[in-house]
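Notes follow the structure.
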Amino acid sequence: MNVIDGSIIVLLLFSFYILLLYGMPIILIIVGYFIFKGYKKRRGVKTNDKSVAPDGQQATIKP
């Protein structure tokens, strides 16, 4: 019984090692992608398309 328990523990540790070795980079890539996507959406450039000033005169467009 002791040998079977030891082998089960070793197999569990090995499976966790494989999961950490190959699963963590995939999870980090997915999380980083969504963080970068949200950062780009939040950082979006706000443009003002009004070329006429409030007083009706032509507005100067600054580069």
Side-chain angles (χ1 to χ4, degrees):
M1 198 68 168
N2 198 5
V3 174
I4 296 173
D5 290 341
S7 63
I8 290 173
I9 291 172
V10 167
L11 286 175
L12 281 174
L13 289 175
F14 184 69
S15 65
F16 280 124
Y17 173 73
I18 295 294
L19 182 70
L20 285 175
L21 191 65
Y22 294 107
M24 285 301 288
I26 296 171
I27 292 171
L28 288 176
I29 288 170
I30 293 171
V31 169
Y33 169 75
F34 282 112
I35 289 174
F36 183 69
K37 190 175 171 184
Y39 172 73
K40 279 179 60 178
K41 186 181 291 185
R42 193 182 74 226
R43 193 181 53 94
V45 178
K46 295 179 181 176
T47 57
N48 189 1
D49 293 333
K50 296 178 182 176
S51 62
V52 178
D55 59 356
Q57 300 295 322
Q58 185 70 26
T60 57
I61 299 173
K62 297 178 182 178

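Applying the side-chain contact (heavy atoms from CB on, under 4.5 Å) test to Leu21 and every residue at least two apart in sequence or in another chain returns Tyr17.
The cluster map of Ile, Leu, Val, Met, Phe, Trp and Tyr, joined by side-chain heavy atoms under 4.5 Å apart, puts Ile27 and Ile35 in the same cluster. In terms of hydrophobic clustering, with Ile, Leu, Val, Met, Phe, Trp and Tyr side chains grouped at heavy-atom distances under 4.5 Å, Phe16 and Ile8 are assigned to different clusters. At a threshold of 4.5 Å between side-chain heavy atoms, the hydrophobic network of Ile, Leu, Val, Met, Phe, Trp and Tyr places Phe34 and Ile26 in one connected group.
Summarising the hydrophobic clusters (Ile, Leu, Val, Met, Phe, Trp, Tyr; side-chain heavy atoms under 4.5 Å, direct or chained), the residues clustered with Leu13 are Ile9.
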